[in-house]
Structure formats: C-alpha cells, structure tokens
Amino acid sequence: MGTQKTAAFDYGVLDEILARHRAQPEAIIAILQETQEHYRYLPSEIFAYLAERMRISEAQIYSVATFYENFSLTPKGHYIIKVCDGTACHVRKSIPILERLYSELGLSAKKPTSDDLAFTVETVSCLGACGLAPVITVNDKVYPAMTPEKTSELLITLREEMQNAQD
Amino acid sequence: MINQEYMMVDGIPVPLEGEKNLLEVIRKAGIKLPTFCYHSELSIYGACRMCMVENEWGGLDAACSAQPRAGASIKTNTQRLRRYRKNILELLLANHCRDCTTCQNNNNCKLQALADRFGIEGVRFPNTADQPKLDTSSRAITRDSNKCILCGDCVRMCNEVQQVGAIDFAHRGSNMTISCAFDRPIAESNCVGCGQCAAVCPTGAIVVKNDVHKVWADLDDPNAKVTVQIAPAVRVALGRAFNLGEGENAMGKIVAALRRMGFDEVFDTSTGADLTVLEESNELLNRLATNPDMPLFTSCCPAWVRYCEQNHPELLPHVSSCKSPMQMFGAIIKAQYSTSERRQVHVAVMPCTAKKEEAARPEFAPGGHPDVDHVITTQELIHMIRESGLVFEELEAEAVDAPFAASTGAGVIFGVTGGVTEAVLRRLAGNKSPSALRAIAFEGVRGMEGVKETRILYGDRQLRIAIVSGLGNAAALIERIKAGEHYDFVEVMACPGGCVSGAGQPYVPQEQKAQRGKGLYAADLQSCLKRSEENPLMMSLYSGLLKGRVKELLHVHYAANHTAQGEE
Ligand code: SF4
Ligand code: SF4
Ligand code: FES
C-alpha cells in the first residue's frame with residue numbers, strides 16, 4: 001500500500017517499539033500498549049503504519065484496539081484517575097467519589113476526558129488493594145481510603161501541580 | 001477393511017474415514033445439521049452453536065469443533081436439541097431486521113431458511129433491531145450491519161482465504177460489529193471487491209451490489225441500442241436456479257432469454273477471451289526475450305489487479321498490459337457500433353462483483369464514456385429472468401449474434417482456474433495435433449486446487465508456470481518469487497477455483513463448484529475450434545477494426561510507470 005505516513009507525525013517512536021518486538025504480529029498487544037504508554041492513547045496515524053510494518057491489516061489492529069477497554073482511541077488527560085469499583089470499594093462507597101469527580105470536572109461515563117486534556121476519569125473493576133478501600137489511583141499512584149471530600153482536595157492539589165509545571 | 005472404526009449417529013453406525021470433525025461424519029450419515037459459522041474452506045470458529053449434538057453422557061458438543069471418536073454415540077435430533085436450536089434462532093431474530101420480503105437475499109438466506117425449518121412461529125423477545133444501516137459505498141457489495149449475526153464467516157474469508165483483511169470484528173459484547181478500521185465506509189478500505197465475503201454471508205448483511213434497475217431502464221429506452229456479453233462461467237452456474245443441473249451449460253437458453261428481454265445484440269465473452277489469449281501469448285514471448293527474470297502475471301481478474309496495485313505496486317510492470325476479456329470485448333463492441341444512431345449501451349453478465357468496479361475504472365472510459373456501462377452478475381440475471389416471467393426451462397437454445405459469433409474452446413475455459421494458462425499453452429504449443437492439445441490438459445493445469453504448477457518446453461526452453469486462485473495463495477507465491485524463485489508465467493484469479501466460484505454466482509458449497517468447471521471443459525470438448533488463433537473472427541478483426549488500434553482497444557496502463565508490452 002506504499003508507505004502510509006502522515007507528514008507531521010513522528011514515526012521514530014513506533015520504529016523503536018517495533019524493533020523491540022521485531023514487528024511480530026503476535027506482539028500486537030504489547031506493541032499497542034507501549035505505543036499507548038508513549039502517546040497516552042492510540043493516535044489514528046499509527047494504524048496504517050503499524051499495519052504495513054507488521055503485515056497485518058488496519059482492520060485487524062482496530063479490532064484488537066477496540067476489544068480491550070484499556071486501549072483508548074481518543075487522547076487521555078494529563079492525569080488519569082482510576083476509581084476502583086470492585087466489590088470491596090463499591091460497598092465502601094466508591095460511587096460518591098466517582099460522582100464527585102464527574103461533577104467537579106464536568107465529565108461522565110460517555111465523556112471521560114476534560115476538554116483541556118487535564119483529566120481522564122475511568123472506573124476499574126478491582127485494583128487488588130481491597131484492604132485500602134475505597135481506592136483511587138492517579139497516573140498509577142495509589143490514594144487509599146478516599147472520601148468525596150478528600151477527592152476534592154486532591155483535585156485542587158493536582159491542578160496546582162500542573163500549573164506549577166507549566167510556569 | 002479389518003480395522004474400520006465406527007461411531008453411532010442416531011443409532012446408525014457410520015464408518016470414520018479421517019473426517020476432520022464430527023459435523024462431517026454426521027453429514028456423511030445423510031443428516032443436514034444446521035450451521036451458520038462452519039465453512040469447510042475456513043477455520044473453525046464455533047460461535048453460532050447451531051450444530052450442537054448430544055453425546056452419550058447427555059452433554060452437548062458443537063459438532064463443527066468436536067473430534068470424531070471411534071465408538072462414540074451421538075444424537076442429533078432430541079427434544080432438548082430442538083429446543084436449543086429454536087432458542088438460538090429466536091435470539092438471533094430478536095435483534096435482526098425481519099423485513100424478509102424486501103430483503104435482497106429473500107429466499108436466499110440461511111437464517112430465514114433455518115427459522116422456517118425449525119418452525120419458529122414467534123419471537124418471545126422484544127425486537128431490538130435498529131433501522132437498516134447501509135454501507136453503499138462500494139460498487140461491488142452492499143453491507144447492512146443490522147442483518148449481521150456475527151458468525152464471522154466474512155471476516156475469516158477476507159482474512160484467511162483472501163488475506164486482504166478489509167473487515168474484522170470491532171468493539172465487544174453487545175456493541176460488537178463487523179467493520180473496517182475506524183468504521184470507515186468499505187470503499188475507503190483496502191477491499192478489492194472480490195465479494196467472497198458476500199458469498200459466504202448466511203444472511204443479507206453483505207450482498208452483491210444490485211444494478212438491475214439500470215439495465216431495465218436502458219432496455220426500456222427506445223433511443224438506446226443495448227448489447228450484452230455473457231462470461232463463460234455464467235452459463236454453467238445459472239441453470240440450477242431453473243431446475244437444470246449444477247454445471248449444466250445453459251448458454252443457448254441464456255441467449256434466448258436476453259433477446260426476449262429486449263437486448264438488441266447478444267455476444268459471448270469467450271470471443272473477448274480469444275483476443276486476450278493472442279495478445280497475452282505475444283506479450284509472454286516478447287517478455288521471454290526482453291525481461292526473462294520476472295514472470296508475466298495475468299490481468300484478467302480485476303480483484304487481483306486491485307490487490308496488486310495496493311499491496312505490490314512494484315510488481316505492476318510485470319502484470320500483463322492486456323485488458324481483461326470483458327474490457328477488450330467492450331471496447332471492440334463500442335468501436336464497432338460507434339456510428340450507431342442510437343445511444344450505445346453495453347452490458348456485461350459476469351460471475352464477478354469486482355467486474356463492477358473494473359468497468360467503472362477511468363482507464364476503461366475513454367472520453368468519460370465507459371466501454372462497459374453496466375455489469376450484472378449471474379445472480380442479478382436470474383432475478384431479471386424471473387421478473388420478466390420467462391419460463392427459462394422451456395426456452396429454445398439460440399446462438400449469439402454476428403459479427404462476433406465465433407469463439408473457441410480456449411476462450412470458454414477462461415472461466416475456471418487454469419483455463420487462461422491452458423489457452424495460452426495451446427497457442428504456444430509447437431505440436432498442434434489434437435492429441436498434443438489434449439495432453440496439455442493433463443499437465444497439471446486442471447483441477448480446483450488453489451496452487452498448481454506446470455512446466456512446458458518452448459523451443460529449447462523449459463517454461464515454469466504457476467496457477468493460483470484465492471488471493472492468499474497469490475500472496476504466498478509472491479513471497480516465494482520475491483525470495484528468488486523463478487517462474488515465467490503466473491495466472492492469478494482472486495476467487496478460489498476461478499471465475500466459476502465468483503461471488504456473483506449463486507452460492508454453492510465448495511464441493512459443487514467443481515461441477516461448473518467440468519461444464520466448461522465439456523463446452524470446450526464440443527467446440528470445433530480449440531485454439532484462439534483458429535478463430536476466423538480474429539483474422540478479420542486484426543486486419544479490420546483493430547488495425548492501428550491494438551494498443552488503444554486491447555491494452556491498458558495500470559500505473560504511470562507501467563509500460564505496455566506485447567505490442568506489435
Ligand atoms: S469483497 Fe473481498 S476484499 Fe472486500 S471485504 Fe469482502 S472478502 Fe474482503
Ligand atoms: S456480515 Fe454476514 S458473514 Fe459477516 S458476521 Fe455478519 S452475518 Fe456473518
Ligand atoms: S457451525 Fe458449529 S458452532 Fe457454528
């Protein structure tokens with residue numbers, strides 16, 4: 001199909017990832033994971049390129065990318081907040097925490113990422129930290145025994161942190 | 001046989017003879033087990049659960065994915081199984097469009113047939129079917145995802161057999177659909193239009209694009225002169241719909257039917273194929289002298305050409321510059337009647353969905369006027385005949401029209417894998433005695449296998465020839481060629497078995513497609529002319545209409561860097 005590249009896109013990152021996995025089709029999940037780690041989502045530009053390099057079709061990669069919840073085809077926020085809604089967290093009131101996040105950030109299950117790309121709010125089924133319930137994580141840092149109030153405070157801290165980083 | 005192993009199917013002993021799965025054993029026992037997701041040519045998917053049987057312990061096995069076991073005893077028709085099958089059908093129907101009367105696949109749908117067979121009288125679940133969601137972007141196929149039962153047959157056909165991968169499952173759970181990457185319209189994908197997905201789809205979720213109304217409109221126009229050509233493979237696949245045998249040659253009746261329907265002149269694409277044989281053999285000889293390193297690939301199959309353009313553009317200079325028989329003939333017919341008072345319309349009846357895309361390519365529309373205005377498939381012609389009310393079975397056979405009435409057996413066998421090669425070999429053969437020609441048939445060119453090879457002696461040179469059908473087989477061969485294996489001539493047909501298996505033909509299981517090929521070889525036996533160069537029409541064409549116009553009318557450039565060869 002010729003080399004399908006978009007001019008403004010840096011394919012060097014993909015080349016590195018592909019090299020690590022010798023562009024093996026069997027490694028598709030690992031390749032997508034590492035790609036997502038870098039871009040924080042799966043940009044549409046990567047599909048045609050991966051398809052050609054790995055010699056599988058775009059539709060096949062799209063199939064994998066849409067099957068797993070973990071992959072996102074839309075950009076995610078700077079902070080990815082995961083609210084555990086496993087049984088333990090649920091009975092210890094994780095839903096009010098989620099609702100607080102949604103209302104403060106103007107988000108919903110259908111719209112998980114804020115327009116300024118600062119926050120993404122997701123739920124997960126169990127983080128395996130039931131003793132600390134209810135738990136949320138922010139970019140993989142764990143915050144145990146949360147309440148809606150603590151959540152609001154945390155949001156203020158995160159916003160300040162981002163502000164400082166930008167200045 | 002001493003050690004013959006058996007198993008019991010509904011109390012009857014059935015010998016095990018290396019069947020791959022339980023389903024094959026059961027079918028051998030004369031039982032039509034219902035299936036949606038099983039096709040012998042595809043991998044086992046085991047998703048639809050229609051093929052469930054009860055084993056001796058009362059457990060349920062999916063017959064398509066269970067191994068036959070010597071001494072086992074299974075039942076295929078119990079109260080419990082009947083109830084399960086009904087349940088599955090009801091669940092499938094619950095979110096399926098049930099407007100059967102207005103579906104293009106009405107009476108040609110496995111879901112409908114099985115609902116009838118298992119006596120579904122009502123569906124207990126609320127109908128959650130959405131409005132039809134049509135993808136009409138392709139000229140070859142039309143998709144309606146709301147008629148899809150997610151059996152995955154199309155996906156496995158496109159991925160495994162064709163290795164195109166235009167479609168796949170997307171999303172999951174109740175959101176699962178069959179789609180192209182990013183839910184794009186299929187015309188924007190790498191689909192090559194082969195239509196094989198439509199051929200295996202058990203419902204109306206993927207169907208052949210219907211162009212019948214355009215043809216009727218032109219037939220009704222008194223200011224239009226409507227000519228038509230009929231491809232070889234059509235004649236051996238159409239008759240079954242009208243109670244003739246599978247593979248029975250119905251050409252004479254088709255000609256009669258087309259005349260009765262109002263076509264002004266009726267021709268046989270085999271005549272176009274004779275032109276292709278002559279041009280392509282010249283091209284091959286030329287190439288042997290000038291570029292002997294790479295093989296010459298055939299160009300008759302538009303799905304293959306499209307595949308090559310997309311996946312191996314570097315091979316295009318090695319694809320024959322010959323137009324396909326349909327396009328050669330279309331150009332000739334349009335040239336012949338260029339001074340006609342009436343508006344010229346040329347229709348091609350083809351076994352193929354990709355021909356619809358081919359006819360619309362700008363390369364074949366000089367001055368914006370396509371050489372072939374409409375392509376209808378065998379399926380569509382069957383509909384037109386039915387619609388017209390003609391009693392096909394009772395039509396008297398008629399012959400095609402002058403001035404293009406002559407064709408040869410070499411042209412007719414184009415419709416089956418290996419046919420193009422055999423026709424070219426007849427042209428190249430040094431010894432043209434009838435027995436030498438017959439011998440070519442036994443050199444490995446015939447048969448429905450997806451990959452065939454043969455060698456012939458030309459002068460003092462051994463020519464190595466490969467014949468592949470199914471794009472997956474083509475892909476594997478190309479790998480070998482790129483790795484340094486040498487061939488002189490490669491015939492590629494996108495559909496497994498060649499045009500007789502085209503997606504525009506009525507669907508029959510793989511096993512019956514061979515019958516159609518036999519029908520074409522029988523037609524070859526009956527034709528008095530076996531070799532294209534014996535066709536008296538060729539002589540007059542080359543000294544008349546084609547004079548100085550061979551390149552314009554018979555050849556094509558598929559790419560900017562594609563230089564035409566075989567020119568005299
Ligand atoms: S027409 Fe052929 S290439 Fe296109 S989606 Fe169907 S099987 Fe795949
Ligand atoms: S489109 Fe047809 S073949 Fe494909 S999954 Fe749906 S029902 Fe099966
Ligand atoms: S045919 Fe066996 S599960 Fe579909």
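Labels below follow one simple rule: chain letters A, B, ... track the order of the sequence lines, proteins then strands, and each chain is numbered from 1. Note: hydrogens, waters and symmetry copies are ignored here, and every other heavy atom, side chains too, is used.
- The distance from the CZ atom of Arg55(A) to the CD atom of Glu479(B) is 4.5 Å, given to the nearest 0.5 Å.
- Environment of CD in Glu314(B): crowded, with over 12 heavy atoms of neighbouring residues, nucleotides or ligands closer than 6.0 Å.
- Between Cys180(B) and Tyr62(A), every side-chain heavy-atom pair lies at or beyond the 4.5 Å cut-off.
- The salt bridge (charged side-chain N to carboxylate O under 4.0 Å, His left out) analysis of residues 139-164 of chain A, with sequence neighbours excluded, yields the pairs Arg100(A)-Glu149(A).
- Among residues at least two apart or in separate chains, ring pair (Phe, Tyr, Trp, His ring centres under 6.0 Å) pairs with a member in residues 78-136 of chain A are Tyr79(A)-Phe119(A).
- Taken from CD1 in Ile167(B) to OG in Ser63(A), the straight-line distance is 11.5 Å, to the nearest 0.5 Å.
- Both the backbone and the side chain of Phe67(A) come within contact range of chain B, each with at least one heavy atom under 4.5 Å from a heavy atom of that chain.
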| task | Determine, stepwise, if the pair Thr66(A) / Phe169(B) fulfils side-chain contact (heavy atoms from CB on, under 4.5 Å). | result | CA-CA 9 Å; Thr66(A) 56; Phe169(B) 291 102; over 6 Å; no
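- Both the backbone and the side chain of Asp183(B) come within less than 4.5 Å of a heavy atom of chain A.
- Asn190(B) and Glu58(A) share no donor-acceptor pair across their side chains, judged by distance under 3.5 Å alone.
- For Arg139(B), the CZ atom is loosely surrounded, since the number of other residues' heavy atoms within 6.0 Å does not exceed 12.
- Contact of Val155(B) with chain A is not made at all, since no heavy-atom distance falls under 4.5 Å.
- More than 12 heavy-atom neighbours from other residues, nucleotides or ligands sit within 6.0 angstrom of CZ on Arg361(B).
- Of the atoms belonging to Ser189(B), not a single heavy atom falls under 4.5 Å from chain A.
- Note: Ala59(A) leads Ser57(A), Ala59(A), Ala51(A) in heavy-atom pairs under 4.5 Å with chain B.
- For Lys111(A), the NZ atom sits in a packed shell: over 12 heavy atoms of surrounding residues, nucleotides or ligands are nearer than 6.0 Å.
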